[in-house]
Number of protein chains: 4
Amino acid sequence: MTPTAVRVRRAALELFAERGFHGTGIRQLAERAGVSSASLYHYMGTKEELLVALMTDSLERLVADAQAAVATSSDPVSQLEALVRMHVTAHASRPLDTRVGDHEVEALSEPARAQVVTLRDRYEQLWQEVLAAGLEDGVLRSEHPAVARRALLEMCSGVARWFDPAGPLTLEGLADHYAALACRLLGVSPPTRRGGADICV
Amino acid sequence: MTPTAVRVRRAALELFAERGFHGTGIRQLAERAGVSSASLYHYMGTKEELLVALMTDSLERLVADAQAAVATSSDPVSQLEALVRMHVTAHASRPLDTRVGDHEVEALSEPARAQVVTLRDRYEQLWQEVLAAGLEDGVLRSEHPAVARRALLEMCSGVARWFDPAGPLTLEGLADHYAALACRLLGVSPPTRRGGADICV
Amino acid sequence: MTPTAVRVRRAALELFAERGFHGTGIRQLAERAGVSSASLYHYMGTKEELLVALMTDSLERLVADAQAAVATSSDPVSQLEALVRMHVTAHASRPLDTRVGDHEVEALSEPARAQVVTLRDRYEQLWQEVLAAGLEDGVLRSEHPAVARRALLEMCSGVARWFDPAGPLTLEGLADHYAALACRLLGVSPPTRRGGADICV
Amino acid sequence: MTPTAVRVRRAALELFAERGFHGTGIRQLAERAGVSSASLYHYMGTKEELLVALMTDSLERLVADAQAAVATSSDPVSQLEALVRMHVTAHASRPLDTRVGDHEVEALSEPARAQVVTLRDRYEQLWQEVLAAGLEDGVLRSEHPAVARRALLEMCSGVARWFDPAGPLTLEGLADHYAALACRLLGVSPPTRRGGADICV
DNA sequence: GATGAATGAGGTTTCATTCAT
DNA sequence: GATGAATGAAACCTCATTCAT
């Protein structure tokens, strides 16, 4: 990718996150990227295809990272912790990607939307499998697993909307925090883990 | 409000929630409301003023309900529980309102945006006051109160994106669930409350 | 149709005939019709749909007139003469319609093109049936009927490109001329018709 | 001309004939010619200059061939037959050239249009001179010579729109056909020519 | 109260063309 | 000789809005 191509994608990411897909004009995009609006079309197909590219890249990266997270262990609790840490870190460090991914699915028309939704489902499927394994093993507990999964994801995704890297919390600290919270949410008894350290949620 | 006026607001709420403010055209609005696009202007000022009205109504109701929730008790823990129950119930039962309120603030231009942000801040201020009181009293505990407040709100607001009234969970059950979760998030020792019942989060 | 709608169609007909469909801009169209380019869209779908409407109307009229012409007699020679007179008259008096119909079929995209081609084929089918009947009866003669049909049509259609109503020839005279010519082209022996008058082609 | 230059001209001829000058984009041209759109500009001036070149070449060839046809004899009837045979052969064997020449004159801007029209007029002038000589000699007869000339030309040019070299008719046969037809059109008494053979038109 | 007609501004995209490499 | 990158102008079309009826 040429520097200009990178600038175009960066501009799109910023503007789609700030103002939404429909709220972003092609001319604003061009201005932010530092090219003419006609030149934009060397680096993208249509505005929508640009959105699809951004979403697809972001989701594919998330899926790959999730697969890697799951692969670190065969213990559902450890897998869940790894997923949460990865998810929170991703959302805190790349909030633009995730905000666009979360808010602009409705802006896509078929068949692009179906493709993106498929990717997102694949990602959530990984969480579901880990949760299901943990619930079957009895190391995780929940009255409403489906609800718990969504609540957990919403909570973790929320960091993209407020986390400030210049704030008092490091990415590492944030990930720790949320991993512990996830365990509580799913009934993992804390004392038996990590030498019983006093983890304040 | 005449029936048509109600239909216009309902249509706007649905479409702004579905497709976003910028993604909704005045003609779609008219069609959904069952009037001509010219007639729309008997029931609203501009498209943006319609959005402002929807947001303002929704937020004012939320603020009023929050004030009522806080007034039910002078105990910070009870107040927090009441806030959570109210917030979750509102988001689960009126997801369109809250989705519009959460996503479309950026679509407003000044000075409308400032007004809406002021209302939202007033709402969050109520949470902050309850949390601050609880933390000072020592009945709530948190390493990072600001983080905890936002994480809690994100988690609770999330229900607007997934709660299904036809699903297995009642609004009541959902509110119970989240009230308990909020307590855990803020270090309220469960055994001392409600006769030590085993509340599964 | 409102006066403005008529002006829009007239403008389109003139410009599409003069400069071609692709050579005519929406702004020229608007200017010629005396409306703004945005107002144009009250009277048409897209530019292409306007072209389709013009072509369809013109062809349907031609087909109807051809059916009427054929219905005037059961004698193939008389039918052919009626067809030629009608065709020549139509092309001489409405040259814009026929020029657009002849030149701009390629500008259409599917499925509109197929519809228009179907109409045109239906029209030519009428000629073919008359010719076939005449050939079978032996009152018409041709070495290459298919060639004769196309040559005849081309010759008759050509008047749209040069006939001048202010010139020395009346529409009536023109039609006479071409009817006689068609008879010669198809081997009708002139002496037996119209009392053997000296018809100069 | 280099092979690439030939390919460019061939591509332009095909596309201008298929889709018209305004309907053909520079990028389609490049693709059909197998070069980049920038490279196109090594082989042409502007798109319009390319059209002018194609038309000029085609018309100059036509003029030269017409002059040669006229030079074959001093008998107006023979000259007319030679012109018709040449014109029909040209239109049947090079339909792209003639279609572009016939349809795209309007696409030219001045002064190019004037040049092309001058060439076309020079061509038609040759026909007119032959017809005038024949009429004066009394070997050709027509009520409306101007009409006859245009009708004759339209009829002959029409072959470019339908002649199929793979069809039943050879170029030679086609030329014979049209030469005989032209004679009839202009009142040449057939019996006195070619030993009175029964020429079926 | 209701709407068809109208429009200036702006939407996204494509145009023919140039130029540095 | 060839081309990727770039662009001003213009393409078609839709926008939110107004107004006479």
Side-chain angles (χ1 to χ4, degrees), chain A residues 2-5 7-8 21-30 33-51, chain B residues 2-5 8 21-31 33-51, chain C residues 2-5 7-8 21-30 33-51, chain D residues 2-5 8 21-31 33-51:
Chain A
T2 72
T4 304
R7 283 212 312 283
V8 166
F21 177 75
H22 289 303
T24 300
I26 225 74
R27 286 185 238 273
Q28 297 164 58
L29 210 51
V35 294
S36 74
S37 61
S39 294
L40 229 42
Y41 287 83
H42 277 285
Y43 300 99
M44 61 183 219
T46 63
K47 195 176 86 154
E48 183 173 353
E49 284 169 9
L50 179 54
L51 174 59
Chain B
T2 72
T4 304
V8 166
F21 176 75
H22 289 302
T24 300
I26 221 76
R27 277 163 178 77
Q28 295 165 62
L29 212 50
E31 192 185 9
V35 295
S36 75
S37 61
S39 294
L40 228 44
Y41 286 85
H42 285 289
Y43 300 98
M44 60 181 226
T46 64
K47 192 176 97 159
E48 184 172 355
E49 284 166 10
L50 178 55
L51 174 60
Chain C
T2 73
T4 305
R7 283 212 313 282
V8 166
F21 176 75
H22 290 304
T24 301
I26 225 75
R27 285 185 242 272
Q28 296 164 60
L29 211 49
V35 294
S36 75
S37 60
S39 294
L40 230 42
Y41 287 86
H42 277 284
Y43 300 98
M44 60 181 221
T46 64
K47 194 176 84 153
E48 183 173 353
E49 283 167 10
L50 179 54
L51 174 59
Chain D
T2 71
T4 304
V8 167
F21 177 74
H22 290 302
T24 300
I26 221 73
R27 277 163 178 77
Q28 295 165 62
L29 212 51
E31 192 184 8
V35 296
S36 75
S37 61
S39 294
L40 227 44
Y41 286 85
H42 285 289
Y43 299 98
M44 61 181 225
T46 64
K47 193 175 96 158
E48 183 172 355
E49 284 166 9
L50 178 54
L51 174 60

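By convention in this document, chain letters (A, B, ...) are assigned in the order of the sequence lines, proteins followed by strands, and residues within each chain are numbered from 1.
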(request) Quick one: pull up OG in D:S36 and NE2 in D:H42 and give me the separation to the nearest 0.5 Å. (result)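 It comes to 8.0 Å.
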
(message) Tell me the closest heavy-atom pair linking C:S37 and C:L40, and the distance in Å.
(response)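 Shortest heavy-atom contact: O-CB, 3.2 Å.
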
(message) So which atom in B:K47 and which in B:M44 form the shortest heavy-atom distance, rounded to 0.1 Å?
(response)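 Shortest heavy-atom contact: N-CE, 3.8 Å.
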
Please determine if a side-chain N or O atom of [X] lies less than 4.0 Å away from the OP1 or OP2 oxygen of [N].
| X | N | result |
| --- | --- | --- |
| B:S39 | E:dG1 | no |
| B:Y43 | E:dA2 | yes |
| D:S36 | F:dA2 | no |

(message) Please give the stem ranges for DNA chain E, sorted by first residue number, where a stem is three or more consecutive Watson-Crick or G-U pairs and both donor-acceptor distances are under 3.5 Å.
(response)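 Stems found: E:2-21 with F:2-21.
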
Rounded distance (Å) that lies between atom [atom2] of [N] and atom [atom1] of [X]:
| X | N | atom1 | atom2 | result |
| --- | --- | --- | --- | --- |
| B:E49 | F:dA16 | CD | P | 14 Å |
| A:H42 | F:dG4 | NE2 | P | 10 Å |
| A:L51 | E:dT12 | CG | C1' | 15 Å |
| C:L29 | F:dA10 | CG | P | 18 Å |
| D:L40 | F:dT3 | CG | P | 11 Å |

(request) Summarise protein proximity over nucleotides 14-21 of chain E in one line of letters, 5' to 3': B for base, S for sugar-phosphate only, - for none, counting protein heavy atoms closer than 4.0 Å. (result) B-BBBB--

Contacts under 3.5 angstrom, residues 22-31 of chain B side chains, donor-acceptor by atom type, not counting sequence neighbours:
from  : atom 1 : to    : atom 2 : distance (Å)
B:T24 : OG1    : B:L15 : O      : 3.2
B:T24 : OG1    : B:G20 : O      : 2.7
B:Q28 : OE1    : B:R19 : NE     : 2.9

Test of understanding: with side chain to side chain donor-acceptor pair (under 3.5 Å), list the residues that count as partners of [X], not counting sequence neighbours.
| X | value |
| --- | --- |
| D:T46 | none |
| D:T4 | none |
| C:E48 | C:S109 |

(request) Return the set of residues passing side chain to side chain contact (heavy atoms under 4.5 Å, CB included) with B:A5 (not counting sequence neighbours), or none when no residue passes. (result)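 With neighbours one apart ignored, the set is B:M1, B:T2, B:Y43.
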
(request) Any chance you could lay out the side chain to side chain contact (heavy atoms under 4.5 Å, CB included) test for C:L50 and C:V8, step after step, and finish with the verdict? (result) CA-CA 9 Å; C:L50 179 54; C:V8 166; 4.3 Å; yes

(request) Between B:V35 and C:G34, just flag the one whose closest nucleotide in DNA chain E comes earlier from the 5' side. (result)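 Its nearest nucleotide lies further toward 5', so the answer is B:V35.
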
